[in-house]
Every structure is written in structure tokens, then in C-alpha cells.
Amino acid sequence: MGLHNYSFKQTVIPLKLNLIYAWLANLLFHLLNAIKFYFTQYKTKWMEAEELKRISAQAELQLVKSQINPHFLFNNLNVLSALIMKNNEEANKFIEEFSKVYRYILNNHDKELVDIKTELDFIKPYIFLLQKRFAEGLDITIEVPEPYEKFYVIPASLQMLIENAIKHNVVSKTKPLHIDVHINGNNSIVVSNNLQLRQSVDNSTKIGLANIIKRYQLVSGKNVTVKNDAVDFTVALPLLTLN
């Protein structure tokens, strides 16, 4: 006989049932916790995706606006007009490079990332347009070794940083603006320029750099490094890979 006149078998069966119920209750508790965790993660990722779509749409709009606004068109058409008036052979070259800039915008403005090679292929005609406009007032150097061209950046980020430097600094023959694009030792592509700030900046939305920083955080979780040492202004964009 077992305790309290119950047989051993009669005592073990309820104990087993209690253990099974306890295990099932524990399993249910963990299941509910898992559901809550994954729902929270899903909600977070959904919100991040929505934020990314919003900020990307804003960036796309800003990029297109920056390239088709009257000032951009007026400045470049003025250059083209001068080349044509001089019967300059470079007029055709200017038109060709001008079309490449717009072709890149149309083909890549809605992408999250582009490879460095594609970005640089766009930057070269853009720089051509700038140098025809500013001549000796602007010096742009690009040093990106070929092995780094397989990495990725935010579309038009280099163009926006170059445009930002020109917009905020004096560009003239007597005070040339030097812009340098290179790879640093921290797996970043760097855009830096000497500081010679304008007293006033026309049509500055002040969202270009902030937009790039936000998009980098949303797409990759990595931070853009900005350094202003009163002599140079430097922005380092992390080089990204596709998972």
C-alpha cells in the first residue's frame, strides 16, 4: 500500500498527468512568447521597410529635382550654347555626357544599392559637365582601385556629395575647389573637399547629406562618417556587399 491508502500506481498516474499538464503549459507559454517576439520583430522590420520606402522616395524626388531644376538645366544649356557658338567640337561631347547623366538617373533612381563601377560610370560624365562650367575653378580627383568597384553604395550618393561641396563652397579660378574621392583603410569611399564656405547658399534644402545618412542606416545598419575640421569637409560612405 502507498501513502494514505493509495497504491503506488494510483499515486504515479496523477503525478504523470500533472507533469504533462505542466509541460504543456510551459510549452504554450514559450510558444506565446515566441509568437510575441516574432510579431514584434516583424512589426519592427515592416516599419523600417516603410521608413526606407519613404526616405528613398524622398531621395529619388530630390535627385530628380536636383538634375532637372531650372538652375541645373540653365547652367548646362548656357555652357552648351557657348560651345555651339564657338563651333566647338566639344559641343557634341557635351550633349553625349549630358544624356548619360539623365540615363543613369532614369535607370537607377529607384534602386537601393548600385555597385561602385556603375556609380563611377555616372560620376565621370557628371564631372565633365561641371568642369566645362567651372573650368580651372574646380579640381576633382578620383582614385578608386578596380578591386573596390565590386562593392556597393547608395545610388547617386557620390554625385550628391560632390554637388553638396560645390553648392556650399566658393568655386573660382582664384579660389579653386578641390574635391577628392578615394578609398580609405576602413573599407569606406571618401569624398572630401577644402573648406571655403559661401556666405549664403541658394536653394539649399539641407536634406541631401541627412538623406544619405538615413538611407545607409536603413539599408545596411552602418553609419556614414562626417568630419569637419575647419580646413576640410569629409564624408566617408561604408562600402557595402550584397547578402
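Values below: all heavy atoms of this structure, side chains included; hydrogens, waters and symmetry mates excluded. Please read these numbers as outputs of a predicted model, since none were measured by experiment.
- The shortest side-chain heavy-atom distance between Ile179 and Leu161 does not fall under the 4.5 Å cut-off.
- Between Asn211 atom CG and Tyr216 atom OH the span is 12.5 Å, to the nearest 0.5 Å.
- Annotation: the span from Phe151 atom CZ to Leu242 atom CG amounts to 11.0 Å, rounded to 0.5 Å.
- Side-chain N or O atoms of Ser220 include one that pairs as donor or acceptor with a backbone N or O of Lys222 at under 3.5 Å.
- Distance CG/Leu209 to NE2/His168: 9.5 Å, rounded to 0.5 Å.
- Under the 4.5 Å side-chain criterion, counting only non-hydrogen atoms from C-beta, Leu158 is not in contact with Tyr126.
- Here the straight-line distance linking atom CG of Leu240 with atom OH of Tyr152 works out to 10.5 Å at 0.5 Å rounding.
- Between Val181 and Ile189, some side-chain heavy-atom pair lies under the 4.5 Å cut-off.
- Atom OG1 in Thr141 sits 9.0 Å away from atom CD1 in Ile127 (nearest 0.5 Å).
- For Thr118 (side chain) and Val114 (main-chain N/O), no donor-acceptor pair under 3.5 Å exists by modelled atom type.
- Between Leu113 and Val153, every side-chain heavy-atom pair lies at or beyond the 4.5 Å cut-off.
- Residues Lys117 and Asp121 are in side-chain contact: their nearest non-hydrogen atoms beyond the backbone lie under 4.5 Å apart.
- Partners of Pro145 under the side-chain contact (heavy atoms from CB on, under 4.5 Å) rule, at least two apart in sequence or in another chain, are Pro147, Tyr148, Ile183.
- Residues Val231 and Val171 fall into different hydrophobic clusters, defined by Ile, Leu, Val, Met, Phe, Trp and Tyr side chains chained together at heavy-atom separations under 4.5 Å.
- A pairwise comparison of heavy atoms in Ala236 and Ser188 identifies CB-CB, 4.0 Å as the closest pair.
- Judged purely by atom type and a 3.5 angstrom limit, Glu119 has no side-chain atom pairing as donor or acceptor with the backbone of Pro155.
- With contacts defined as side-chain heavy-atom distances shorter than 4.5 Å, the pair Val144/Leu120 qualifies.
- Side-chain contact check for Leu177 versus Asp139: every heavy-atom pair is 4.5 Å or farther apart.
- Side chain of Asn169 to main chain of Gln196: a donor-acceptor pair is present (N/O by atom type, distance under 3.5 Å, no hydrogens or angles).
- Considering only heavy atoms from C-beta on, Ile212 comes within 4.5 Å of Met160 through its side chain.
- Taken together through direct or relayed side-chain contacts under 4.5 Å among Ile, Leu, Val, Met, Phe, Trp and Tyr, Val190 and Leu237 form parts of separate hydrophobic clusters.
- From Lys167, atom NZ reaches atom CD1 of Ile162 across 13.5 Å, with rounding to the nearest 0.5 Å.
- Between the side chains of Asn194 and His178, no donor-acceptor pair is found at a separation under 3.5 Å.
- In this structure, Arg133 contributes its side chain and Phe128 its backbone to no donor-acceptor pair below 3.5 Å.
- Both Leu195 and Val235 are members of a single hydrophobic cluster when ILVMFWY side chains are connected at heavy-atom separations under 4.5 Å.
- Pairs passing the salt bridge (charged side-chain N to carboxylate O under 4.0 Å, His left out) check and including a residue from residues 227-243, sequence neighbours excluded, do not occur.
- For the pair Asn193 and Ala165, the tightest heavy-atom approach, listed with the atom from each and the gap, is OD1-CB, 3.5 Å.
- The salt bridge (charged side-chain N to carboxylate O under 4.0 Å, His left out) pairs that include a residue from residues 171-190 are Glu136-Lys173, where partners are two or more places apart or lie in different chains.
- Considering all non-hydrogen atoms of both residues, Ser157 and Ile154 come closest at OG-O, 2.7 Å.
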